[in-house]
Amino acid sequence: QVQLVESGGGSVQAGGSLRLSCVPSGYTTRGKCMGWFRQVPGKEREGVAIIYNSGVFTSYTGSVKGRFTISQDNAKNTLYLQMNSLSPEDTAMYYCAAVSVWRGYCRLRSADFGYWGQGTTVTVSS
């Protein structure tokens, strides 16, 4: 059974930084498509960043480009999201996700991902 466990969320002031971590069990990060998504109550889940094949390919949603960095450490079997220059608009529940069935592409679409973590809360105050 695959489980994804996120950590690293918290409360910071605008301009601050956080690093989220995601540790899978029953799943290997190496060579896979994984990503970070976020959701605010009452809104659809939004793709934040994805990574494929240990960083050969990455993609970000426009609002986080230049501020967030997705990476993974295969030795630790861990996915990261480094978030810098945080703003109140980044406040959300952040979810780690992994593709369960490889279809030949890695996209910022939640429907493509079959495994999800429980989420970690990020709150940015102004």
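Just so we're clear, the structure is a prediction, and the values are computed from it rather than from any experiment. Position 1 is the first residue of the sequence; numbering continues from there.
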Write down the atom of [X], the atom of [Y], and the distance for their closest heavy-atom approach.
| X | Y | value |
| --- | --- | --- |
| T61 | G47 | CB-O, 3.3 Å |
| G31 | Y52 | O-CE1, 3.7 Å |
| N74 | S54 | ND2-OG, 2.8 Å |
| S126 | A14 | CA-CB, 4.3 Å |
| L86 | L18 | CD1-N, 3.9 Å |

Q) According to the disulfide (SG to SG under 2.5 Å) rule, which pairs have a member within residues 96-126, sequence neighbours left out? A)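 Only C22-C96, C33-C106 qualify under disulfide (SG to SG under 2.5 Å).
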
Q: Would you mind listing every disulfide (SG to SG under 2.5 Å) that reaches into residues 37-74, with sequence neighbours excluded?
A: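 Passing the test, one end in residues 37-74: no pairs.
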
Q.
Restricting to ring pair (Phe, Tyr, Trp, His ring centres under 6.0 Å), what partner residues turn up for Y115, sequence neighbours left out?
A.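 Per chain and number, Y115 pairs via ring pair (Phe, Tyr, Trp, His ring centres under 6.0 Å) with Y27.
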
Q: Sequence neighbours left out, what passes ring pair (Phe, Tyr, Trp, His ring centres under 6.0 Å) with Y80? Give chain and number order.
A: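 Y80: no ring pair (Phe, Tyr, Trp, His ring centres under 6.0 Å) contacts found.
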
Nearest-0.5 Å distance, [atom1] of residue [X] to [atom2] of residue [Y]:
| X | Y | atom1 | atom2 | value |
| --- | --- | --- | --- | --- |
| Q82 | L20 | CD | CG | 9.0 Å |
| T29 | N53 | OG1 | CG | 11.0 Å |
| M34 | L81 | CE | CG | 12.0 Å |
| S7 | Y94 | OG | OH | 15.0 Å |
| F68 | W36 | CZ | CH2 | 11.0 Å |
| D73 | R30 | CG | CZ | 9.5 Å |

I'd like to know if the side chain of [X] and the backbone of [Y] have a donor-acceptor N/O pair within less than 3.5 Å.
| X | Y | value |
| --- | --- | --- |
| R67 | S85 | yes |
| E6 | Q118 | yes |
| Q72 | I51 | no |
| T58 | G55 | no |

Q: Assess whether side chain to side chain contact (heavy atoms under 4.5 Å, CB included) is satisfied between S100 and V2, documenting all intermediate values.
A: CA-CA 9 Å; S100 56; V2 174; over 6 Å; no

Q: Check the pair L108, Y60 against side chain to side chain contact (heavy atoms under 4.5 Å, CB included), reporting the backbone distance first and the verdict last.
A: CA-CA 8 Å; L108 266 171; Y60 299 87; 5.6 Å; no

Q) Taking side chain as C-beta onward, heavy atoms only, is V23 less than 4.5 Å from N77? A)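 Answer no - side chains too far apart.
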
**Q.** Same cluster (ILVMFWY, side-chain, under 4.5 Å), V48 and V40
**A.**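 No; tracing contacts between hydrophobic side chains, which count when under 4.5 Å, never links both residues.
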
Q: Please answer: with hydrophobic residues joined when any side-chain heavy atoms are less than 4.5 Å apart, are V5 and F37 in the same cluster?
A: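 No, V5 and F37 fall in different hydrophobic clusters.
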
Q: Mind telling me whether Y95 and W116 have parallel, tilted or perpendicular rings, with 30° and 60° as the class edges?
A: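 Ring orientation of W116 relative to Y95: perpendicular.
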
**Q.** Trace of the side chain to side chain contact (heavy atoms under 4.5 Å, CB included) decision for I70 with L79
**A.** CA-CA 8 Å; I70 189 170; L79 178 72; 3.9 Å; yes

Q: State which residues pass salt bridge (Lys or Arg N to Asp or Glu O under 4.0 Å) with R38; sequence neighbours excluded, sorted by chain then number.
A: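 Expected list: E46, D90.
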
(Q) Once salt bridge (Lys or Arg N to Asp or Glu O under 4.0 Å) is applied, do any residues pair with R107, and if so which ones, sequence neighbours excluded? (A)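 Applying salt bridge (Lys or Arg N to Asp or Glu O under 4.0 Å) to R107 gives D112.
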
